[in-house]
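Numbers for residues simply follow the sequence, beginning at 1. What you see is a predicted model; the values in this text were computed from it and never measured.
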Amino acid sequence: MIKLSDYVFQFLESKGIRQAFMLPGGGAMHLDDSIGKSKIEYVCFLHEQGAAIAAEAYAQHTNTPGLVLVTSGPGATNAITGVTAGWIDSTPMIIISGQSKRSDLVGDRGVRQIGSQEVQIVPMVTPITKYAVQVLEPTRIRYHLEKAYHEATTGRPGPVWLDIPLDVQAVMLDENALEGYMPQDRGVKFVDSELGEILSLLEEAKKPLVLAGNGIKLAGGTELLYKLLDRTGIPVQTTWKTIDMFGENEALYAGHPGIMGDRGANLILQEADLILSIGCRLDTSVTAFNDKNFGKNAKKVIVDIDENEIKRMEVDKEVTVACDAKVFLQQLLAQLEERQDTLLTADRKGIWEQWAGYCREKRKKYPIITKEHGEAEGYVSAYYFIGKLCELLREDDVIVPESSGGAGEITYQAFRLKRGQKMKNAAGLGSMGFGLPYAIGSCIANNGRRTILINGDGAFQLNIQELETLHRLKLPVKMFIWSNEGYASIRSMQRNNFDGHYVASDRGSGLTMPDICSVAAAYGFRTLCIHNNAELDAHLAEIMENDEPLLCELKVLPEETVSPRVKAIVGENGKMMSGPLEKMWPFLENS
């Protein structure tokens, strides 16, 4: 016989889960006790949102489920934001919440609450999970665990949620008598005719381009992508989520396109005559809210595991493949092997090599970090900081930009990665407050590799309590906080759309920030404040010469925003009209 709460973690251990993120509570007391007796290492956060964010980061980096344990009521609702990010970014997560005992549940009695801290969490999280269930029959626990794990890790991955009442947690079970779950094969395989069409398009293409999305990584197909590029010599672009697949100076890397991409990458994408998009959902950050104009000169092959995503895309499509990215790459490579003599001829590869060289030169022509950034006075230019930081980073560093605002947008646009570095955030949801707990989860996922957090002063406040978690764990995280006197991105929006009428975005409109260095020092961190580019030059190398955790406040230009970028225009009746990808502001002459 085994207690149900013990069985839960015994099952998760058997699946290879070794890490959990949690905050304890009375509604989960048996679960809390059982995880403490298991071999799963847990990290206790000071807010459930931080625990869920860290678990999402851990899963993104490891491609294994991020495990979250929270109590009932507010413990569960506090975790929703991190789980939402996991839903949008197809992150495998397993959330286990405690709940009031079964006799105290609302059920169908028409009231709002009966049990202590009782909240009907399952209906709330059903839209952001692949599987969510309240476990009312103890003998069904094996079935629910097996189904939840299967859903989290197969097909298009995503979060799952098990809500377990207090009395169910404590039930003693005969584990040999429990009913299991038998999954059905729902895999979608594409057919030879689709492969044939794709190969024919490649034969015709003079300027082909691969767009590599996060679906490749989630499917475990990264090495196959490298093999495809080595075999063909086709240039490749990445989304923000896959930017760390390639080093900036690799011969075939053609940048990251989008509304806040690099100008050269956007021009290349718009000039391509064939785009092979693999595992990329082509969201509005990539198409700049202008699907019809995306890749305007290219025929398009769209590969995505989710058929609904393909149907949603308004781009013109020659071939669509609803398929796992790894399966697609395996079959495409097999066909290329068979047709090497007729498809991958010396002449064709020579044409593609010239195209790849053209892409390299195009990006060099439009650098993101300019001389003007280095000449900024009185403050630190955020772009100048990113350039200097890239020079000092090691090939095994982990980089975490904030998931919202300039600290994320400018960092991704300007960063120049080396192969081996890892860089991720949760830009899909784009929530403030992710940076610090995301850095903790990322550092743990990468076995304590040095981690660089780049955060804005406003976003940093939303989970600033996790400084204690970071200090307790003694993780090598260097925190660079951009202080720009409030919410710079919001001020930019208010300048552009409302003639500079600021509301709740700076001191003059009702927003204030604490002294970040004083707060961090109270948590036990060494701190430093840098006021301008000259001080940055004097101190940054010393900051980066070791793995010591610290907080460095940067007084960045208050009104420095993402540039270049695709601008939207407000038309009649407030209707937003998006510009084309190739025409980024500030506009080029004759563009």
Side-chain angles (χ1 to χ4, degrees), residues 57 60-63 210-214 216-217 222-223 225-230 233 235-258 260-262 264-265 268 356-357 359-364 366-370 373-374 382-402 407-425 427 435 438-439 442-443 445-454 475-480 536-537 540-548 552:
Q60 275 290 327
H61 278 276
T62 63
N63 237 11
V210 172
L211 180 58
N214 199 42
I216 295 173
K217 182 192 77 70
T222 303
E223 293 301 322
L225 174 65
Y226 295 154
K227 189 175 180 180
L228 172 67
L229 301 177
D230 289 342
V236 61
Q237 294 188 339
T238 59
T239 63
W240 280 7
K241 209 72 178 177
T242 52
I243 196 171
D244 56 5
M245 280 185 173
F246 301 93
E248 175 63 28
N249 295 320
E250 293 185 35
L252 295 178
Y253 183 57
H256 43 286
M260 298 177 188
D262 66 83
I268 290 164
C359 293
R360 291 192 295 273
E361 292 304 313
K362 179 68 75 172
R363 294 193 71 227
K364 287 180 183 177
Y366 302 107
I368 296 296
I369 302 171
T370 66
H373 293 133
Y383 281 97
Y384 186 72
F385 162 71
I386 293 299
K388 290 298 180 182
L389 178 66
C390 289
E391 294 174 6
L392 296 169
L393 290 178
R394 304 191 300 244
E395 291 185 357
D396 65 342
D397 282 328
V398 179
I399 302 98
V400 176
E402 176 55 71
E409 296 160 355
I410 290 175
T411 298
Y412 266 110
Q413 185 182 60
F415 217 89
R416 299 295 179 257
L417 280 127
K418 306 178 181 76
R419 178 79 76 94
Q421 292 173 344
K422 301 186 76 174
M423 181 165 160
K424 297 192 184 303
N425 69 0
Y438 206 99
S442 299
C443 188
N446 289 285
N447 300 312
R449 283 163 55 175
R450 187 172 71 170
T451 301
I452 314 302
L453 170 63
I454 302 169
L475 296 175
V477 176
K478 292 188 182 292
M479 297 169 279
F480 291 97
L536 184 75
D537 290 338
L540 189 58
E542 178 266 329
I543 292 171
M544 298 306 298
E545 69 182 5
N546 56 44
D547 290 1
E548 176 196 10
C552 179

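A donor-acceptor contact closer than 3.5 angstrom is absent between the side chains of Tyr438 and Glu402.
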Evaluate the criterion side-chain contact (heavy atoms from CB on, under 4.5 Å) for residue pair Thr411 and Asn425; output intermediate values, then yes/no. CA-CA 11 Å; Thr411 298; Asn425 69 0; over 6 Å; no
side-chain contact (heavy atoms from CB on, under 4.5 Å) between Lys478 and Asn546, intermediate numbers included: CA-CA 10 Å; Lys478 292 188 182 292; Asn546 56 44; 3.1 Å; yes
Residue pair Asn214, Gln60: steps toward the side-chain contact (heavy atoms from CB on, under 4.5 Å) verdict: CA-CA 10 Å; Asn214 199 42; Gln60 275 290 327; 3.5 Å; yes
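In this structure the side chain of Leu389 never reaches within 4.5 angstrom of the side chain of Ile399, judged on heavy atoms. Looking at heavy atoms from C-beta onward, Leu540 lies in side-chain contact with Phe480 at the 4.5 angstrom threshold. Side-chain contact between Ile543 and Cys552 is present, with at least one heavy-atom pair separated by less than 4.5 Å. Cys390 places none of its side-chain heavy atoms less than 4.5 Å from the side chain of Ile369. Between Leu475 and Thr451, the closest side-chain pair of non-hydrogen atoms is not below 4.5 Å.
Note that SG of Cys443 and CG of Leu453 are 11.0 Å apart. Values are rounded to the nearest 0.5 Å. Taking CD1 of Ile454 as the start and OH of Tyr412 as the end, the distance is 10.0 Å to the nearest 0.5 Å. With rounding to the nearest 0.5 angstrom, the CD1 atom of Ile368 is 12.5 Å from the CE atom of Met260. Taken to the nearest 0.5 Å, the CZ atom of Arg360 stands 14.5 Å off from the OH atom of Tyr253. Taking OG1 of Thr62 as the start and CG of Asn447 as the end, the distance is 10.0 Å to the nearest 0.5 Å. Summarising the geometry, atom CD1 belonging to Ile243 is positioned 10.5 Å from atom CD belonging to Gln421; distances are rounded to the nearest 0.5 Å.
Taking all atoms of both residues into account, the shortest heavy-atom contact from Ala212 to Met245 is CB-SD, 4.3 Å. In this structure, Ala414 and Tyr383 approach most closely via the heavy-atom pair CB-CD2, 3.7 Å. Scanning all heavy atoms of the two residues, the minimum distance from Gly435 to Val400 falls at O-CG1, 3.9 Å. Closest heavy-atom contact between Leu393 and Phe415: CD1-CZ, 3.4 Å.
Residues that satisfy the side chain to side chain donor-acceptor pair (under 3.5 Å) test with Asp244, not counting sequence neighbours, are absent from this structure. Residues meeting the side chain to side chain contact (heavy atoms under 4.5 Å, CB included) test with Arg394, sequence neighbours left out: Asp396, Asp397, Arg450, Asp547. Applying the salt bridge (Lys or Arg N to Asp or Glu O under 4.0 Å) criterion to Lys217, with sequence neighbours excluded, gives no partner residue.
The backbone N or O of His256 sits nowhere less than 3.5 Å from a side-chain atom of Gln237 that would complete a donor-acceptor pair. For Lys424 (side chain) and Thr242 (main-chain N/O), no donor-acceptor pair under 3.5 Å exists by modelled atom type.
For the side chain to side chain donor-acceptor pair (under 3.5 Å) with Arg419, the qualifying choice from Glu395, Glu248, Glu250 is Glu250, the only one to do so.
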